[in-house]
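Below is one structure, written out as structure tokens, with a few remarks after it.
Throughout, a chain's letter reflects where its sequence line sits, starting with A, and its residues are numbered from 1. Every heavy atom of this structure was used, including side-chain atoms; hydrogens, water molecules and symmetry mates were not.
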There are 2 protein chains.
Amino acid sequence: MGTQPGRSVTSKVLALLDAFSPASPTLTLSELARRAELPLPTAHRRVAELVAWGALERGDDGRYRIGLRLWEVGSLAPRGLGLRELALPIMEDLYEVTHENVQLAVRQNFELVFIERIAGRRAVPVLTRVGGRFALHATGVGLVLLAYAPTEVQEQVLAAPLERYTALTITDPVRLRRRLAEVRRAGYAISDRQVTMDALSIAAPIRDPDGVVAAISLVVAHDRADPVALAPLVQAAGRVLSRALGAYRQPSGRVPLRSRHERQ
Amino acid sequence: MGTQPGRSVTSKVLALLDAFSPASPTLTLSELARRAELPLPTAHRRVAELVAWGALERGDDGRYRIGLRLWEVGSLAPRGLGLRELALPIMEDLYEVTHENVQLAVRQNFELVFIERIAGRRAVPVLTRVGGRFALHATGVGLVLLAYAPTEVQEQVLAAPLERYTALTITDPVRLRRRLAEVRRAGYAISDRQVTMDALSIAAPIRDPDGVVAAISLVVAHDRADPVALAPLVQAAGRVLSRALGAYRQPSGRVPLRSRHERQ
DNA sequence: AGACGCGTTTTCACTGAATGAAAGCCGGCG
DNA sequence: CGCCGGCTTTCATTCAGTGAAAACGCGTCT
């Protein structure tokens, strides 16, 4: 046939969903087709099906957007809402005590994804978005997630060029490696003006029986608070959550490691 | 071929996603196949592609769950996180003032979907879940959403049997119709022990330029607070949000209609 | 130990769901 | 009016998808 034989229908459908981004949450059919690299009629047909099911919605302006139905399904992700559901009360507490930004993130490959954020109106503005991604090497949550990530992941991140956000951002792999060791030793991370020059974050790991699965942090104005004083607070929040996830429970017989067959 | 000719690949993929539910957020391949009504090999192939993309994830136990990637995409739904993002600070405020449950919901066809919920540790337990659905005729948010829904929707809901949750649940269409009129007149809804005998909720509409798009509510112990006293608080929150959504902005092309029956 | 049972993965010959070029449609604009 | 850009439909062609059946793994029962 015409374009790329070898492309599955499923991959096309997924490409259509992937066309949306925080920067362009609504798209026209033509934009969708272009971004998903599909001929217009093909896009048209798949999109129609997605709309019928509710994965996409069509606005009065004719533009397409992600539908509520997909949001509903997405909210069943254990690492998304499941985690969030558990964490929110504790995040609330942290927020109420400090009135600073509270963030919750997990690692997804070589980046982090923000699962939840409580943004105090009076706190330093942060440029993160729930569902948004960020590099692992700069933020507090990122440092924690990286420090406890599998070695392969760490090596891969350390091998790639580390993006600089401020004059203080650590971009030297050797220094970063040392920082990660410190984080593991201390059990928390402080990221001082690594992303913006006005903010500082204190982060702690969240564990389940298999290891570190998420990180929680407080983002404060860099000149306002004493990070070392706040660390125990954040650590405590992390531990409460870890306990809720069963991290300190007696490992009831090791889960047999299921050898994954490479690919299909 | 074998099963149902006429079933598109896309519909199969969507059926697989739809197999997950709050009650069963993780499934084995066989369960997935059964629920999606697909032969096992077919399910296996589609699922493999979904996992490769990140729409599904496979746990160490071999069970499948909704993947973080799908959660990310879902979080781009304007009626989901978009709305939530805007609402959360105001919900925080409501929570901090009252320490009661705060809920945000939109209507999806003939049900409501909870977009956000702040559950106070000290507040009445509520049985709702973010991403969960509920009937329109009982809760505070439901009454508001129904009161301002298109007539067809109201008729359809009133025509169907209204499920009873407590002895006080309104199940008589005639009474419900009267209640809806009251809600529109008052500009807020009070749902007293309609869902459980210990809770009561006060809800107000949230508008954008096209009408009511969501509802916000406070859920309190039925014997604890004076709902009429709390109503202005909830209404104010609704109005702040409506303003943020551009509800009271000059409709660009349209002549501003100053209705005599100004709705709160 | 061997045999059974259950869930998953792979094989393989067949076919209809998907395809896209081209033509038709619609609504806005000069 | 006639053009233009974006959307929708048609239709002959074909490749991605299919599922019965068989192989595979793994835990459990005898």
Side-chain angles (χ1 to χ4, degrees), chain A residues 1-20 24 26-53 55-65 67 251-264, chain B residues 1-20 24-53 55-65 67 252-254:
Chain A
M1 218 155 284
T3 34
Q4 306 225 20
R7 200 135 174 236
S8 71
V9 176
T10 308
S11 79
K12 291 174 194 170
V13 168
L14 294 173
L16 284 168
L17 297 182
D18 214 20
F20 294 89
S24 36
T26 78
L27 297 168
T28 66
L29 181 61
S30 313
E31 287 167 341
L32 264 165
R34 189 157 357 98
R35 291 183 180 225
E37 300 183 69
L38 293 175
L40 237 155
T42 301
H44 180 249
R45 276 180 296 242
R46 298 299 122 240
V47 163
E49 272 193 285
L50 289 171
V51 169
W53 188 80
L56 298 182
E57 289 172 2
R58 189 163 199 190
D60 296 334
D61 51 1
R63 298 177 71 81
Y64 293 95
R65 53 208 67 201
S252 61
R254 190 84 182 82
V255 183
L257 201 30
R258 218 187 143 77
S259 68
R260 280 199 321 109
H261 288 222
E262 273 306 301
R263 306 285 291 132
Q264 35 222 5
Chain B
M1 214 156 285
T3 35
Q4 305 225 20
R7 199 135 174 235
S8 71
V9 176
T10 307
S11 79
K12 290 174 195 169
V13 169
L14 294 173
L16 283 169
L17 297 182
D18 214 20
F20 294 89
S24 37
T26 77
L27 298 169
T28 66
L29 182 61
S30 312
E31 287 167 342
L32 264 166
R34 191 159 352 102
R35 289 183 183 226
E37 298 183 71
L38 293 175
L40 239 156
T42 301
H44 181 247
R45 276 181 297 242
R46 298 299 119 244
V47 163
E49 272 194 286
L50 290 171
V51 169
W53 187 80
L56 298 183
E57 289 172 3
R58 188 164 199 189
D60 295 333
D61 52 358
R63 298 176 69 83
Y64 294 95
R65 51 207 69 200
S252 49
R254 193 97 167 74

Salt bridge (Lys or Arg N to Asp or Glu O under 4.0 Å) partners for B:Arg34, two or more places apart: none

List for me each residue that meets salt bridge (Lys or Arg N to Asp or Glu O under 4.0 Å) alongside A:Arg65, sequence neighbours excluded, and say none if there are none. A:Asp61

Flag the pair B:Leu50 / B:Leu17 as yes when at least one side-chain heavy-atom distance between them is below 4.5 Å, and no otherwise. yes

Could I get the full list of salt bridge (Lys or Arg N to Asp or Glu O under 4.0 Å) partners for A:Arg58, not counting sequence neighbours? none

Roughly, in whole Å, what's the span from CG in A:Leu38 to C1' in C:dA18? 12 Å

So, using side chain to side chain donor-acceptor pair (under 3.5 Å) as the criterion, who are the partners of B:Ser30 when residues are at least two apart? none

Find the distance A:Asp61:CG to D:dG6:P and express it as a whole number of Å. 15 Å

Is the phosphate of C:dG20 approached by A:Thr42 (side-chain N or O, under 4.0 Å from OP1 or OP2)? yes

B:Glu37 atom CD is separated from D:dG19 atom P, nearest whole Å, by 13 Å

Protein and nucleotides 8-10 of chain D: nitrogen or oxygen contacts under 3.5 angstrom:
unit_1 : atom_1 : unit_2  : atom_2 : d
D:dT8  : OP1    : A:Arg58 : NH1    : 3.0
D:dT8  : OP2    : A:His44 : NE2    : 3.0
D:dT8  : O5'    : A:His44 : NE2    : 3.2

Of all pairs that satisfy salt bridge (Lys or Arg N to Asp or Glu O under 4.0 Å), the ones with a partner from residues 42-52 of chain B, not counting sequence neighbours: B:Arg46-B:Glu49

Phosphate oxygens OP1/OP2 of D:dA16: is one of them under 4.0 Å from a side-chain N or O of A:Lys12? no

A:Arg7 CZ to C:dG20 C1', in whole Å, measures 14 Å

Rounded to the nearest angstrom, tell me the gap between atom CZ in B:Arg35 and atom C1' in C:dG7. 16 Å

Using only side-chain N and O atoms of B:Arg46, determine if any of them is under 4.0 Å from OP1 or OP2 of D:dT18. yes

Residues A:Ala19 and A:Arg35: closest non-hydrogen pair is O-NH1, 3.2 Å

Which residues pass the side chain to side chain donor-acceptor pair (under 3.5 Å) test with B:Thr26, sequence neighbours left out? B:Arg63

Tell me the closest heavy-atom pair linking A:Leu32 and A:Leu16, and the distance in Å. CD2-O, 3.5 Å

In whole Å, what is the span from the CZ atom of A:Arg34 to the P atom of D:dG5? 13 Å

Between its two end axes (five pairs each) the helix from C:dA1-D:dT30 to C:dG30-D:dC1 turns, nearest 10 degrees, through 30°

What is the distance from CD of B:Glu31 to C1' of C:dC6, rounded to the nearest Å? 13 Å

